[in-house]
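Note sheet for the following structure.
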Amino acid sequence: MQADAPPLPEIDFAIARAMLEWQMELGADEAMLDAPLNRYEVREPAPAKAVAAPTVPVAADEAPLAAPPAPAIDPIAEAEALAAGAQDLAALAEAMAAFERCELKRGARNFVFADGIAGARVLILGEAPGREEDIEGRPFVGAAGHLLDRMLAAIGLSRSAPDPAAAVYITNVLPWRPPGNREPEPEEIAMFRPFIARHIELVAPDVVVLMGNPACMAALGQRGVMRLRGHWAQAFGRPALPMAHPAHLLRNPAAKREAWADLLALRARLDG
Ligand code: URA
């Protein structure tokens, strides 16, 4: 601490706890460093001093033109070009991991691409990585993921099945964890949509399951999953079934009855 810094006020347990809870509500729910860092004290490096160039008289009609403004970057157009250039899943993962237009990349620990095998008949589109997925770099490995695995097992499907007929491929709308597990913003969904479309094209599933509102937004341009659920739609050129997200089912067990009906509809579709 600096010698002239005022002494810190004493805080009791209740105040310390309230301060921590307040930070968690803002999304700061992880310790990133071993010791606290006061960002107000971190100074930007001073810009290098400009060296004056020798002046040469210029005729009025030869006056240098002002540099044109840098063209604005369109993240969606950039994502479209990167996605179209990816010829296989490895190339798509590489292109997405290198995509710099999404700020979430800077706060996340790991890039979360997918799980399961390409060629699976069913592709599950979830929302975004949570804390466990961010740590492990794999989608749906936390509590919602465990419920998802049990739901799939109930209709004879599994992400670890080697046989494409029983296999499920799992990915998310976003590959980076949003702070505090907030919902993806519309701009984030829009910039990742070209990657999602290419991802689905490369996996080539028979059906897509849209788990939760962000997946419905990305695929159908609509929210309201509990209204859309149970009705087959068309998305990315394939049959798509909106369903409640397993995290919603953990919070609202009563919704499991409808989710079971949706799983049976999925099984029936696969059985032709
Ligand atoms: N919820 C999701 O939508 N995706 C994950 O990967 C984990 C939780």
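Both ligands and their constituent atoms are indexed starting at 1 by order of listing. Excluded from the calculations below are hydrogen atoms, water molecules and symmetry mates; all remaining heavy atoms, backbone and side chain alike, are included.
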Which pairs of donor and acceptor atoms, one on a side chain in residues 68-75, lie under 3.5 Å apart (sequence neighbours left out)?
residue, atom, partner, partner atom, Å
D74, OD1, I76, N, 2.9
D74, OD1, A77, N, 3.3

Only distances under 3.5 Å count here; give the side-chain donor-acceptor pairs of residues 200-219 to other protein atoms, sequence neighbours excluded, each with its distance to 0.1 Å.
residue, atom, partner, partner atom, Å
E201, OE1, R198, NH1, 3.0
D206, OD2, R121, NE, 2.6
D206, OD2, R121, NH2, 3.3
N213, OD1, G224, N, 2.8
N213, OD1, V225, N, 2.9

Show me the side-chain donor-acceptor pairs of residues 249-258 shorter than 3.5 Å, one per line, residues at least two apart or across chains.
residue, atom, partner, partner atom, Å
N252, ND2, H248, O, 3.0
N252, ND2, H248, ND1, 3.2

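In this structure, the side chain of N110 does not engage the main chain of E136 through any donor-acceptor pair within 3.5 Å.
Pairing each heavy atom of A91 with each of Q87, the nearest pair is CB-N, 4.0 Å.
Between H199 and F113, the ring planes are parallel. Angles under 30° get that label, and only those over 60° would be called perpendicular.
Every protein residue with a heavy atom nearer than 4.0 Å to ligand 1 is included here: G126, E127, A128, E133, P139, F140, N172, H245.
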